[in-house]
Amino acid sequence: MNKIIFHIDVNSAFLSWDAVDRLNHGEKIDLRKIPSIVGGNPINRHGIVLAKSIPAKKYGIKTAQTLVEAYRLCPNLVSVPPRYHIYTKASRAMMKLLREYSPNIEIYSIDECFLDYTNMKKLFASPIEAAYMIKKRLYDELGFTVNVGVSSNKILAKMASDFLKPDRVHTLFIDEIEEKMWPLDVSKLFMAGRSSVKKLRKYGINTIGELAKSDLSFLKHILKSHGELIYNFANGIDDSKVGDLKYSLIKSIGNSTTISYDVTSEEDAYKYLLSLSESVGMRLRAVEKRAKVVVITIKTNEFIVSQKQKKLFETIVSTNEIYREAKRLFDLLWDKKPIRLLGVRVVTTEKEPFKQLSFFENKKEIKLEKLDNTLDELREKYGKDIILRATFLRGKVKPITGGVSSEDDYPKMRSQL
DNA sequence: CGAGAGGTCATAC
DNA sequence: CTAACGGTATGACCTCTCG
């Protein structure tokens, strides 16, 4: 039985949402109509483009470019700082509206989702009518435009929503693949990234059509299993289901931050590790999981990234335990080169249904967990700034490190939406 | 030789 | 008037080690 799948994608999400909020607060200028971006702060070395308006795009400005490059391309560019709270709210409102059209929704990122319309055909309008209705309602009620891709599976719906923007509905059914998708450059294909594309071009594969018609065993030879994946995608083959639980389980939680200066002292590095451990720990506890592996990342001022990880003998959950492991790994990994970025990540495990008894379970650990739970509750109730560890009383390091992401981002924030 | 640990790479948004 | 390069998650795969 043929399915009907929608992929809904907000046009210039962060920028649109920021623009709408500004208009709602009486601002006269619509950021969407001028060359503008949502951008980080270069002073903190976070200076990249997170989202761009369509006029800005016409200057050649691209997501993830540095602000310096962006200004070079368009000297009168307007840049506004990101406001994640607003984007999260807008996203929630969108997903809520979309749920009226089908209970089967997969939130893919903060501004994108898949919707299985298959069983709704009889209840509501035809798929195309429904797609236009969704688009119109989002604009009328929430003030921003989206692209809707309509097809019989997820990959094709996703490819379709990427066609001409903004404010469009596109179909890409099986019989349209040859005409609409195969002429496109191979880099436009979902999952064909820089490295794969480079290899494909080397062998004269430049369009999606050429990829679709090339030899599968050869692709597997040069790209391993990824070759088969993109071969299938190029042929419109994808049997994954909307909202497949496989993809919604949280497998790891991490935090990393580019620091506004190069860290050269152990003391400073430790403070950042504690701050990162705190935010990771809070999130870990919020989803009621425990950690079985701790990973740390160091990026040097020369952009060289290295990681070190340790599988733990016992699962852990408190900030202090995460910090302890992070610090240990740091001491093993750090070669004293100036540090630009530090990261802490934990691989999660399901919380044990009942308390596991162990030789090593001691009063101190239970105390730590109690302390963390109390801190989490206080912060939940009164805000993150209500309490902080004494280490952070003086100095420039924030007690909790928050994430910064681009509009295309937020894979793991799904659960919060 | 197979399993597990650790490390790197690629990809997405 | 123009500012120097993000953050998070996942999976594949390679290598090493150990029994």
Side-chain angles (χ1 to χ4, degrees), chain A residues 9-10 13-14 37-51 62-79 81-82 84 87 91 107-113 158 162 187 189-199 220 223-230 233 246-260 276 279-280 283 292-297 299 301-313 329 332-333 340-348 401-416:
Chain A
D9 193 334
V10 180
F14 284 6
I37 58 168
V38 174
N41 181 355
I43 309 279
N44 308 332
R45 309 204 290 190
H46 288 256
I48 63 155
V49 176
L50 302 169
K62 297 194 172 79
T63 304
Q65 248 173 353
T66 66
L67 291 214
V68 174
E69 279 173 291
Y71 279 117
R72 214 163 22 224
L73 291 166
C74 176
N76 56 0
L77 185 69
V78 171
S79 176
Y84 297 99
Y87 312 151
S91 174
I107 298 171
Y108 187 73
S109 73
I110 194 166
D111 73 320
E112 265 181 60
C113 72
K158 177 141 175 65
D162 205 35
S187 62
L189 183 68
F190 180 60
M191 283 291 161
R194 205 182 33 195
S195 171
S196 303
V197 167
K198 196 179 161 194
K199 275 189 191 160
K220 280 206 248 186
L223 293 168
K224 310 291 173 198
S225 64
H226 200 69
E228 186 166 17
L229 181 82
I230 59 177
F233 283 1
K246 192 176 91 178
Y247 297 109
S248 59
L249 301 170
I250 296 168
K251 289 163 185 139
S252 73
I253 295 174
N255 243 177
S256 64
T257 187
T258 293
I259 299 155
S260 55
L276 291 161
S279 70
V280 168
R283 284 165 58 199
K292 62 176 179 216
V293 178
V294 176
V295 191
I296 66 143
T297 305
K299 177 147 84 181
N301 61 351
E302 290 169 315
F303 285 77
I304 297 169
V305 178
S306 47
Q307 298 188 325
K308 198 153 188 72
Q309 67 186 63
K310 178 80 184 144
K311 180 163 172 26
L312 305 167
F313 185 58
L329 290 168
L332 291 170
L333 183 60
R340 179 186 178 87
L341 168 145
L342 279 171
V344 174
R345 160 168 305 275
V346 296
V347 179
T348 59
T401 304
V404 177
S405 317
S406 80
E407 99 183 17
D408 320 299
D409 172 21
Y410 275 71
K412 88 274 109 222
M413 304 299 274
R414 264 178 268 182
S415 54
Q416 299 184 15

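In the text below, chain A, chain B and the rest are named by the order of the sequence lines, each starting its count at 1.
- Closest to the side chain of A:Met191, from the set B:dG7, B:dT11, C:dA4, is B:dT11.
- Remark: A:Arg45 is not in phosphate contact with C:dA3, judged by side-chain N or O atoms under 4.0 Å from OP1 or OP2.
- A:Arg345 comes within contact range of at least one nucleobase, with a heavy-atom separation under 4.0 Å.
- Close to B:dC9, at under 4.0 Å from its OP1 or OP2, lies no side-chain N or O of A:Arg194.
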- Task: Assess whether side chain to side chain contact (heavy atoms under 4.5 Å, CB included) is satisfied between A:Leu312 and A:Lys292, documenting all intermediate values.
- Result: CA-CA 5 Å; A:Leu312 305 167; A:Lys292 62 176 179 216; 5.7 Å; no

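- Distances were taken from every side-chain heavy atom of A:Val68 (C-beta onward) to each of B:dT8, C:dA4, C:dG7; the shortest belongs to C:dA4.
- Nucleic acid contact for A:Leu341: sugar-phosphate only, since backbone atoms but no base atoms lie under 4.0 Å from a heavy atom of the residue.
- Here, C:dG6 and B:dT11 have their C1' atoms 16 Å apart, quoted to the whole Å.
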What protein N or O atoms touch nucleotides 13-15 of chain C N or O atoms at under 3.5 angstrom, if any, and at what distances?
{"from": "C:dC13", "atom 1": "OP1", "to": "A:Ser225", "atom 2": "N", "distance (Å)": "3.0"}
{"from": "C:dC13", "atom 1": "OP1", "to": "A:Ser225", "atom 2": "OG", "distance (Å)": "3.1"}

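- Rounded to whole angstrom, the span from the CZ atom of A:Arg283 across to the P atom of C:dA9 amounts to 4 Å.
- The phosphate of C:dG7 (OP1 or OP2) has a side-chain N or O of A:Thr258 nearer than 4.0 angstrom.
- Distances shorter than 4.0 Å separate some side-chain N or O of A:Lys310 from OP1 or OP2 on B:dG6.
- In this structure a side-chain-to-backbone donor-acceptor pair under 3.5 Å is present from A:Thr348 to A:Lys251.
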- Item | Full working for side chain to side chain contact (heavy atoms under 4.5 Å, CB included) between A:Ser256 and A:Thr297 | CA-CA 8 Å; A:Ser256 64; A:Thr297 305; 5.7 Å; no

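- Contact check for A:Val293 versus A:Val346: no side-chain heavy atoms found under the 4.5 Å cut-off.
- Regarding contacts with the backbone of C:dC5, every side-chain N or O of A:Thr66 stays at 4.0 angstrom or more from both OP1 and OP2.
- Separating the CZ atom of A:Arg72 from the P atom of C:dA3 is a distance of 9 Å, rounded to the nearest angstrom.
- Along DNA chain C, the nucleotide nearest A:Pro75 and the nucleotide nearest A:Leu276 are compared for position; the residue whose nucleotide lies closer to the 5' end is A:Pro75.
- In the set C:dC5, C:dG11, B:dA10, C:dC5 carries the atom at the smallest distance from any side-chain atom of A:Phe303.
- Classification of A:Glu112 and A:Lys158 as a salt-bridged pair holds, one side-chain N sitting under 4.0 Å from a carboxylate O.
- The shortest distance between the side-chain N/O atoms of A:Lys311 and the OP1/OP2 oxygens of B:dG6 is not below 4.0 Å.
- Here the closest heavy-atom approach between residue A:Thr66 and residue A:Val49 is recorded as O-CG2, 4.5 Å.
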- Task: Evaluate the side chain to side chain contact (heavy atoms under 4.5 Å, CB included) criterion for residues A:Ile296 and A:Leu342: first the C-alpha distance (whole Å), next the side-chain angles of each, then the deciding distance (0.1 Å), finally the verdict.
- Result: CA-CA 7 Å; A:Ile296 66 143; A:Leu342 279 171; 5.9 Å; no

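- Atom CG of A:Asp9 is separated from atom P of B:dA12 by 14 Å (rounded to the nearest Å).
- One atom, CD of A:Gln307, and another, P of B:dG6, lie 13 Å apart when rounded to the nearest Å.
- Nucleic acid contact for A:Ile253: sugar-phosphate only, since backbone atoms but no base atoms lie under 4.0 Å from a heavy atom of the residue.
- The nucleotide whose nearest atom lies closest to any side-chain atom of A:Ser252 is, among C:dG7, C:dT10, B:dA10, C:dT10.
- Of all non-hydrogen atoms in A:Leu329 and A:Lys310, the two that sit nearest each other are CD2-CB, 3.8 Å.
- Here the CD1-OG distance, from A:Ile230 to A:Ser196, works out to 5.0 Å after rounding to the nearest 0.5 Å.
- Ring stacking is absent between A:Phe190 and B:dA12, as the pair misses the limits of under 5.5 Å between centres and under 30 degrees between planes.
- Whole-Å rounding puts the A:Ile259 CD1 to C:dG6 P distance at 12 Å.
- As rounded to whole Å, 15 Å separates atom P of B:dA5 from atom NZ of A:Lys308.
- The distance between atom CD of A:Glu69 and atom P of C:dC5, rounded to the nearest whole Å, is 11 Å.
- Nearest to the side chain of A:Lys299, among C:dT2, C:dG6, B:dG6, sits C:dG6.
- Atom NZ of A:Lys251 and atom C1' of C:dG11 are 9 Å apart (whole Å).
- Heavy atoms of A:Lys198 sit nowhere under 4.0 angstrom from any nucleic acid atom.
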